[in-house]
Amino acid sequence: MSTEAASTSTNKAIKTVSGITVRLVGDSGDGMQLLGTQLTNTSAIAGNDIATFPDFPAEIRAPRGTRAGVSGFQVQFASHEVHTPGDSLDALVAMNPAALVTNLADLVKGGLLIVNEDSFEDKDLKLAKLKVSPLEEPAMENYRLVKVPMTRLTKTAVAEFGLSAKEADRCKNFFAMGLVYWLYGRNMDATLRFIHGKFGDGKSVIANANEKALRAGWAFGETIEALGHSYNVEAASLPEGTYRNIIGNQAMAWGLLAAAQRSGKEIFYASYPITPASDILHELCKFKNFGVCTFQAEDEIAAVCSAIGASYGGQMAVTTSSGPGIALKTEAMGLALMLELPLLVIDVQRGGPSTGLPTKTEQSDLMQVIFGRNGESPLPVLAARSPADCFEIVQEAWMLATQLMLPVVVLSDGYIANGSEPWLIPDVSKLAPITITHPTESNNPDGVFQPYRRNELLARPWAIPGTEGLMHRVGGLEKEDGSGNISYDPDNHQKMVHIRAQKVANAAKLLPPQQVIGPQSGELLVLSWGGTYGACLTAVQAAQAQGTSVALAHIRYMNPFPSNLGEIISRYKQVLIPELNMGQLRTLIRARYLVDAVGYNKIKGKPFTVSELLDKITEMTKSGTRTSVQYQ
Amino acid sequence: MSTEAASTSTNKAIKTVSGITVRLVGDSGDGMQLLGTQLTNTSAIAGNDIATFPDFPAEIRAPRGTRAGVSGFQVQFASHEVHTPGDSLDALVAMNPAALVTNLADLVKGGLLIVNEDSFEDKDLKLAKLKVSPLEEPAMENYRLVKVPMTRLTKTAVAEFGLSAKEADRCKNFFAMGLVYWLYGRNMDATLRFIHGKFGDGKSVIANANEKALRAGWAFGETIEALGHSYNVEAASLPEGTYRNIIGNQAMAWGLLAAAQRSGKEIFYASYPITPASDILHELCKFKNFGVCTFQAEDEIAAVCSAIGASYGGQMAVTTSSGPGIALKTEAMGLALMLELPLLVIDVQRGGPSTGLPTKTEQSDLMQVIFGRNGESPLPVLAARSPADCFEIVQEAWMLATQLMLPVVVLSDGYIANGSEPWLIPDVSKLAPITITHPTESNNPDGVFQPYRRNELLARPWAIPGTEGLMHRVGGLEKEDGSGNISYDPDNHQKMVHIRAQKVANAAKLLPPQQVIGPQSGELLVLSWGGTYGACLTAVQAAQAQGTSVALAHIRYMNPFPSNLGEIISRYKQVLIPELNMGQLRTLIRARYLVDAVGYNKIKGKPFTVSELLDKITEMTKSGTRTSVQYQ
Amino acid sequence: MSTTLPVLKADDFTSDQDIRWCPGCGDYSILAQMKKVLPEIGVPPEKTVFVSGIGCSSRFPYYVNTYGVHSIHGRAPAIATGLKMTRPDLSVWVITGDGDALSIGGNHFIHLLRRNVDLNIILFNNRIYGLTKGQYSPTSVEGQITKSTPMGVVDHPLNPISVAVGAEATFIARSVDSNVKHLAYTLKRAAAHKGTSFVEVYQNCNVFNDGAFSYAQDKATRDDTTIELEHGKPMIYGKDKDRGIRLNGLNLEVVDLNDGKVKEDDLLFHDEKANSTLVYMLSRMRRPDFPEPIGVFRDVLSETYEDAVRGQIDQAIEQRGRGNLQKLFNSGETWKVGV
Amino acid sequence: MSTTLPVLKADDFTSDQDIRWCPGCGDYSILAQMKKVLPEIGVPPEKTVFVSGIGCSSRFPYYVNTYGVHSIHGRAPAIATGLKMTRPDLSVWVITGDGDALSIGGNHFIHLLRRNVDLNIILFNNRIYGLTKGQYSPTSVEGQITKSTPMGVVDHPLNPISVAVGAEATFIARSVDSNVKHLAYTLKRAAAHKGTSFVEVYQNCNVFNDGAFSYAQDKATRDDTTIELEHGKPMIYGKDKDRGIRLNGLNLEVVDLNDGKVKEDDLLFHDEKANSTLVYMLSRMRRPDFPEPIGVFRDVLSETYEDAVRGQIDQAIEQRGRGNLQKLFNSGETWKVGV
Ligand SMILES: Cc1ncc(C[n+]2csc(CCOP(=O)(O)OP(=O)(O)O)c2C)c(N)n1
Ligand SMILES: Cc1ncc(C[n+]2csc(CCOP(=O)(O)OP(=O)(O)O)c2C)c(N)n1
Ligand code: SF4
Ligand code: SF4
Ligand SMILES: [Mg+2]
Ligand SMILES: [Mg+2]
């Protein structure tokens with residue numbers, strides 16, 4: 001394909017901007033996710049920094065054209081670093097009335113609004129529960145509305161291929177894409193490769209039609225007068241290297257592969273499908289040639305239990321779920337903790353409680369994973385902060401699990417799991433090994449092997465079946481330190497409870513200290529965790545740019561906290577903890593450091609916007625008075 | 001039976017003391033629990049205040065004579081109020097060497113040690129893993145050792161009944177009982193009634209033999225020189241009324257019956273057996289003639305779910321378990337919370353984590369029940385403080401559950417569940433009704449019934465199937481306030497999360513404020529909860545008697561805390577939180593009130609002793625300096 | 001009662017909620033038939049409760065204007081058990097999927113069947129996890145390519161009816177979403193049975209497992225690939241009713257009725273009341289060797305769980321009198337202080 | 001291998017732990033037979049793993065000097081599945097009770113059976129919850145008085161073997177704790193079977209349910225109340241071998257062999273390889289109408305789960321080559337910055 005030249009040249013004016021936020025919305029069947037992914041990849045290849053936010057309905061296929069069926073994909077691409085998909089939209093592309101009315105509020109005044117005017121018929125309005133067309137509303141004056149008869153134009157464009165009406169109609173998302181590509185001067189190559197890769201085999205008519213639609217969309221942009229100029233977003237200056245775009249759940253799966261390779265293990269991955277964690281299963285089950293064994297268990301309890309069995313056998317055992325499934329795993333997590341076996345438990349959080357809002361994001365499982373087990377049962381808990389960070393964090397988690405011999409919980413969330421960002425591809429040959437040893441000789445030559453005799457980190461030996469002379473039995477009853485025999489001895493129990501707590505505390509020794517972004521002391525410290533990293537960082541940097549004395553400490557290690565955290569906190573007059581829950585980290589911080597941390601809590605199934613955080617930071621730093629909010 | 005006169009008269013000297021702590025220990029097969037229960041009842045009938053602590057092995061029948069098989073029962077009876085079974089023993093009755101060596105440490109110097117010397121043969125010593133008889137140890141000089149050939153004396157005493165050797169041997173616990181009764185001037189009537197009641201039907205030979213053994217034991221006390229005098233413990237001055245002895249789990253079951261009667265409901269009780277909660281099931285299944293429907297489900301999940309079904313149907317639904325089983329119920333508890341249905345979830349805590357120490361006590365499920373669910377899922381949590389308090393607390397819990405329309409968790413523990421105390425029998429006719437209304441008419445005459453339209457306490461109507469016109473569907477997905485329809489609306493979600501939190505907070509309005517025992521301000525406030533009440537109260541009162549500025553606030557409402565708690569805490573210089581865990585309440589208190597509360601934590605499967613608490617109180621008040629311990 | 005009851009119509013059972021299934025999903029048909037038969041069953045909406053788990057199928061309760069609980073994954077049988085035990089006056093339906101009932105909920109499912117609580121389970125079997133977008137389920141066939149089995153399913157599938165026989169269900173039936181008459185009839189039969197009625201419905205998930213049951217749905221093939229069980233009738237099938245099922249020792253065999261060698265009387269006669277061995281054998285009839293039976297496999301009477309449980313309560317009251325709390329509290333050893 | 005292996009003895013499988021069962025418990029006998037056959041099976045202790053749940057029976061792993069996991073209630077099948085899938089080189093045994101396997105663990109149990117993981121499940125059926133001191137279990141008989149059923153059990157019991165047939169187990173057997181020879185033989189057969197072997201053992205809990213199986217234990221009665229299944233042999237039983245089992249349509253009947261009217265050839269011949277209908281029928285043989293079968297009900301070969309799963313892994317490696325992480329990371333669209 002020699003389309004390169006053609007596909008980026010325009011005769012109209014080009015306006016260079018530092019960043020663009022655009023949202024593509026339409027019916028679930030309109031292929032918005034595909035469109036968004038292509039725009040993301042193309043922008044990434046163009047060297048922009050990017051962040052994305054896909055948002056789709058809970059229903060598999062909600063009735064066409066209804067508000068419930070609206071699917072959206074937002075992407076911010078910029079010539080500077082971006083950490084969020086953007087608060088408000090520079091442009092909104094809406095494929096039908098339902099999509100328009102449910103998304104318009106986020107478009108900035110004067111923003112570009114592109115609609116498929118062919119889908120604003122009476123029947124479409126009715127499906128969207130509208131009496132009059134929103135295009136006729138006076139509010140439209142606030143936007144740069146461009147009505148495009150996409151359906152008709154696409155039909156005409158692909159007429160030559162003799163497709164059925166339905167097939168022809170399906171091409172209209174590529175038409176829209178072409179228009180968007182023209183608008184932002186995006187290169188169509190990658191998308192053309194995609195089209196021919198996906199529809200290439202035997203169905204090249206479809207591929208060709210889609211290409212035609214794409215090019216027609218581009219041509220349309222170049223042609224119509226309503227669009228006076230296109231935009232240009234320069235490449236961002238990212239660290240050197242080869243990049244790719246990576247989605248959170250994919251990064252999680254790939255991080256597991258890396259952890260396995262670093263530790264010389266094969267993965268046993270046991271799971272029961274649940275939104276938004278299932279994609280990790282879907283991703284991993286492709287990698288059988290990496291020796292990955294995926295097991296779709298009969299339920300979450302079987303999943304975690306089979307993982308425990310595999311861990312006892314010496315495998316790298318992983319189980320994933322979301323909130324409701326994690327609730328089911330808690331009893332067995334307690335067992336793994338007693339058995340002192342390495343295990344990764346990944347919780348991709350979603351809106352709760354109960355079934356809650358399965359497709360929405362939330363940070364409300366922190367307390368569940370920290371405290372949600374019977375008895376004194378502490379576990380290390382790590383939280384990923386972005387899609388690409390999932391790759392790192394599971395490796396850290398596996399390092400901890402094997403060095404300390406215990407289950408480790410990793411938190412992600414729906415926002416991270418489905419979001420994507422550019423990822424500097426690591427040099428695999430430079431990944432440091434994670435050393436695991438399985439003893440082959442008894443640690444107690446004068447008697448029987450002592451499965452609970454510990455090393456300096458308090459880890460017990462990971463002796464595995466098949467090893468002569470090291471036969472031992474483990475179980476959920478309290479056991480004697482050293483021998484591992486059942487023990488009802490009061491002092492031994494107290495000792496073991498302390499040892500298990502200390503083992504978890506020892507994790508802090510294996511992990512880096514807490515970093516602070518911004519002044520090392522001052523007026524306000526923003527403490528954040530998990531998927532809100534991008535929004536918090538952007539808001540804090542914006543406030544800093546305005547001269548505010550504010551710093552960010554983003555916590556990745558939720559339990560134990562980094563050992564320098566308390567000291568850091570003490571250097572600021574105020575502490576703000578923004579969370580997508582009712583104040584879970586805040587409770588932990590207050591209990592631990594007795595600091596009157598203030599919460600900024602949002603629980604709407606949506607990520608923070610930068611501006612709401614910025615407002616809060618401004619409020620706290622401007623007023624000069626410390627806000628005190630009791631946690632209830 | 002006209003034994004009254006005989007059974008309490010003695011010709012030896014009688015020493016009046018204010019209280020006695022005695023522990024009866026023997027093999028699990030020796031009937032120590034029966035003996036202890038009889039002594040308890042008899043002492044209670046004598047008007048003493050009492051507190052008991054049964055302690056038995058995890059095994060059903062551990063090998064006879066081994067240390068693992070030792071079963072014990074401790075009782076304190078006194079002429080003053082007692083709240084604990086006593087720290088140290090005034091007397092120890094040991095039926096075999098294993099029992100002796102595992103319990104001797106708790107006997108005070110100079111204490112009375114009665115042993116069955118017939119069971120100190122070589123084979124007995126071997127079973128107890130002893131080389132020499134402990135009776136030969138020099139340490140014996142510290143005690144008033146009385147060796148009694150119980151086996152032989154019993155055999156002789158019951159010879160006339162022609163029992164088999166085994167049967168005759170089984171009578172020896174009654175011999176021991178007779179001796180103990182003589183020692184403490186206990187009246188044998190109640191026990192004689194028991195003997196003839198239990199063995200009366202057709203087996204009167206056994207009954208008569210047991211009576212003979214009992215009387216022989218008594219006579220032995222009167223006869224032998226080693227026992228120079230017996231003891232007398234006067235009646236305590238308890239509030240007027242009719243009393244009975246009540247065990248924690250029994251009180252829980254009876255409290256449920258009372259709650260049902262007060263609210264005009266029948267009980268649906270669903271459970272899966274687990275130590276130490278099973279006895280509630282065993283007790284309740286006897287009361288079918290109270291309309292109680294007990295359901296032994298296939299597992300804990302089915303138990304809580306069937307209870308939810310019953311609640312939806314309008315029944316009084318209750319489910320019980322211990323830590324591991326509660327872990328399994330958490331997902332469904334989240335559902336009940338979303339459905340906003342009344343439900344009681346009772347957790348009789350035991351030693352954890354995992355299977356842990358099933359027959360031992362611990363307070364380590366507090367965090368699990370408060371936080372152990374996915375999403376923001378607050379629930380009221382109440383904790384019983386003593387066996388008799390179980391009766392009260394479930395009624396309060398049911399009141400809350402029905403007035404607020406939500407599940408309520410009640411915490412008990414192994415210590416409370418198996419312990420007993422005198423209980424002032426309430427006048428049933430004076431129990432206030434718990435008013436429940438099931439609507440019969442729609443709250444939305446112009447449209448469909450609104451199952452989530454709330455009253456001033458934010459409770460939704462409990463409309464039940466069978467009611468015409470009020471058909472509605474409930475489910476675990478987030479729902480629109482008012483209509484109860486599924487809603488993915490961001491603002492509605494935030495609103496609902498807040499409403500659910502506020503509903504729980506509203507519980508404080510329905511419950512009494514926190515009481516303080518002791519000075520209303522001062523040096524030290526002891527904050528306690530659950531089954532440690534007795535020990536904490538006794539220790540605080542002892543410290544107060546020594547002139548220490550210390551008060552006790554024993555919390556029964558763990559979530560929400562009583563509204564005046566923060567204010568109370570602020571009136572003391574120091575706060576001490578003694579817990580049988582690693583500091584769970586302490587974490588909550590620190591987080592909520594930002595007070596540097598100090599923990600006194602014991603996690604040995606055993607209750608606190610008064611003296612260890614007293615020492616801690618003394619240490620904190622004497623030193624004058626505030627101890628600060630970070631929670632980890 | 002001699003007062004005339006209002007005659008109910010399907011519309012009386014229609015709720016005000018928008019239906020959220022994919023266009024073309026087999027669930028629509030099942031819903032339609034349910035709404036059609038509910039008035040005929042004659043239980044008013046307010047006495048009817050639908051309890052479901054989680055899954056596409058489990059959205060069902062929202063669409064019928066009765067009482068309903070859309071619960072959590074796999075637990076509907078347990079919830080329904082508690083409801084029916086305490087409210088035997090209600091007509092209770094469990095709506096579940098192949099994942100919901102047989103994967104996470106397998107245990108509750110067999111325990112419900114063995115207890116014989118008087119309620120009706122309708123299992124929407126689409127051999128796939130619909131709601132979570134296409135992973136294999138316990139009824140997915142070996143080799144099936146799904147999102148979680150890119151190289152094909154290796155788990156040997158569970159046969160829901162064999163499992164139900166193993167758990168000794170008293171009513172077992174199977175129908176097909178698109179065979180509306182048969183489905184309506186089967187639902188009615190389930191409602192009529194006292195005890196747990198279990199109905200497996202072949203349901204097409206046109207998005208993630210399209211055509212899994214087309215053989216049993218398509219008019220062109222269904223007569224040859226399914227056989228309709230009729231009580232007391234010989235087992236005959238085929239478009240031309242020219243094939244039958246014969247018992248040979250402990251095996252079943254397909255026989256040709258055309259050449260007259262085999263007479264109707266030689267065929268196996270279906271007997272809903274037979275011992276469960278027959279049901280077990282019928283459950284083993286699978287494509288391509290056999291036509292798959294649809295209809296009522298079994299319908300026998302046995303005491304229901306709630307009758308037995310409530311019977312004990314009644315008996316206890318009869319024998320011991322209605323419980324008296326004060327008497328209970330005062331039973332055993334008591335003593336008086338200061339009175 | 002031509003090197004001579006050390007000959008193992010029962011003692012090599014004896015751990016140093018004190019046994020904590022009640023004196024007289026049937027568990028002792030099962031333990032003894034297991035320790036007896038383990039050396040004969042020939043897998044060394046370090047290659048053997050016992051996985052159990054919670055219950056008296058589940059204490060078993062502590063008493064054998066192999067690897068072992070005493071897990072949580074009901075979950076042993078799932079733990080063992082994960083272990084065997086990843087370590088097919090090990091010999092894995094699941095030890096479970098009637099409550100552990102059929103109540104809380106029922107779902108894992110049927111899914112293990114349907115998957116046919118190559119391990120052995122020994123279910124100690126004492127028809128009671130032993131460890132929690134005497135509540136009824138899913139195999140308790142109707143009317144049984146227990147701690148939780150003062151007026152008698154009303155739940156219709158599960159028949160473990162019927163459930164196993166419903167889940168399509170490939171190896172099913174039953175034995176009796178005190179019938180030591182038979183038990184040892186059965187355990188060996190279970191070990192020899194490739195795939196999931198399920199053995200129900202009638203076990204006496206002399207504390208909470210004493211004598212539940214005395215009919216099958218006592219020498220005086222057992223020949224009349226049980227029938228030993230032998231592959232290829234006619235089904236004959238009785239102290240004098242004078243009764244047999246005959247097939248009559250789809251029913252079994254007891255026939256008298258004394259009067260010579262019925263010949264051996266007329267009897268049902270046991271066939272371990274037969275279709276599962278026979279196994280189902282045998283599972284329905286219950287006292288007092290029938291002698292209860294002991295022995296191997298079924299032993300058929302089918303691909304094991306771990307072979308199928310690992311087969312896909314091997315195939316993937318063969319077809320696509322051993323996975324290369326760097327290649328994977330660099331696949332798809334990538335771009336370079338500043339290099
Ligand atoms: C505890 C829990 N685990 C997993 C899920 C995710 N989940 C929802 S429905 C479903 C399976 C649906 O399949 P099926 O029961 O066959 O119903 P269908 O959608 O096919 O009708 C799963 C795995 C959940 N909601 N809760
Ligand atoms: C989650 C959980 N629920 C309940 C229990 C209590 N429990 C322990 S063993 C058992 C049943 C034992 O019965 P069975 O499996 O038949 O074994 P047996 O003791 O009879 O050998 C129960 C209910 C537990 N330990 N964990
Ligand atoms: S995914 Fe399948 S089962 Fe679910 S609604 Fe769509 S077609 Fe029906
Ligand atoms: S309670 Fe029963 S099963 Fe348990 S050890 Fe004792 S006799 Fe055996
Ligand atoms: Mg399905
Ligand atoms: Mg049992």
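Chain letters run A, B, ... following the sequence lines, proteins first and then strands; every chain starts at 1.
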Could you name the residues of residues 145-156 of chain D that have a heavy atom within less than 4.5 Å of a heavy atom in chain C? Met151(D), Gly152(D), Val154(D), Asp155(D), His156(D)

Minimum side-chain heavy-atom gap Leu250(D)-Met281(C) below 4.5 Å: yes

Using a heavy-atom cutoff of under 4.5 Å, enumerate the residues of residues 136-143 of chain C that contact chain D, numbered in order, or state 'none'. Tyr136(C), Pro138(C)

Which residues share a ring pair (Phe, Tyr, Trp, His ring centres under 6.0 Å) with Tyr280(C), sequence neighbours left out: Tyr280(D)

Given a strict heavy-atom distance threshold of 4.5 Å, which part of Leu113(D) is in contact with chain C: side chain, backbone, both, or neither? neither

Quick check for you: to the nearest 0.5 Å, what is the distance between Leu102(C) atom CG and Ile110(D) atom CD1? 7.0 Å

Honestly, the part of Arg114(D) sitting under 4.5 Å from a heavy atom of chain C is both

Give, for atom NE2 of His111(C) and atom CD1 of Ile104(D), the distance between the pair rounded to the nearest 0.5 Å. 10.0 Å

At a 4.5 Å cut-off on heavy atoms, which part of Ala316(D) comes close to chain C: side chain, backbone, both, or neither? both

Per-residue contacts, residues 160-171 of chain D versus chain C, heavy atoms under 4.5 Å: Ser162(D), Val163(D), Val165(D), Gly166(D), Ala167(D), Glu168(D)

Does any N or O in the side chain of Asn107(C) come within less than 3.5 Å of the main-chain N or O of Ser103(D), such that one atom is a donor and the other an acceptor? yes

Pick from Ser276(C), Gly311(C), Ser302(C), Ala274(C) with the largest number of heavy-atom pairs that fall under 4.5 Å of chain D: Ser276(C)

If you count heavy-atom pairs under 4.5 Å with chain D, which of Gln312(C), His108(C), Gln315(C), Arg115(C) comes out on top? Gln312(C)

Please flag which part of Leu278(D) lies under 4.5 Å from any non-hydrogen atom of chain C: side chain, backbone, both or neither. both

If I measure from the heavy atoms of chain D, does Leu247(C) come under 4.5 Å with its side chain, its backbone, both, or neither? side chain

Minimum heavy-atom separation for Thr277(D) to Thr277(C), with atom names? CG2-CG2, 3.8 Å

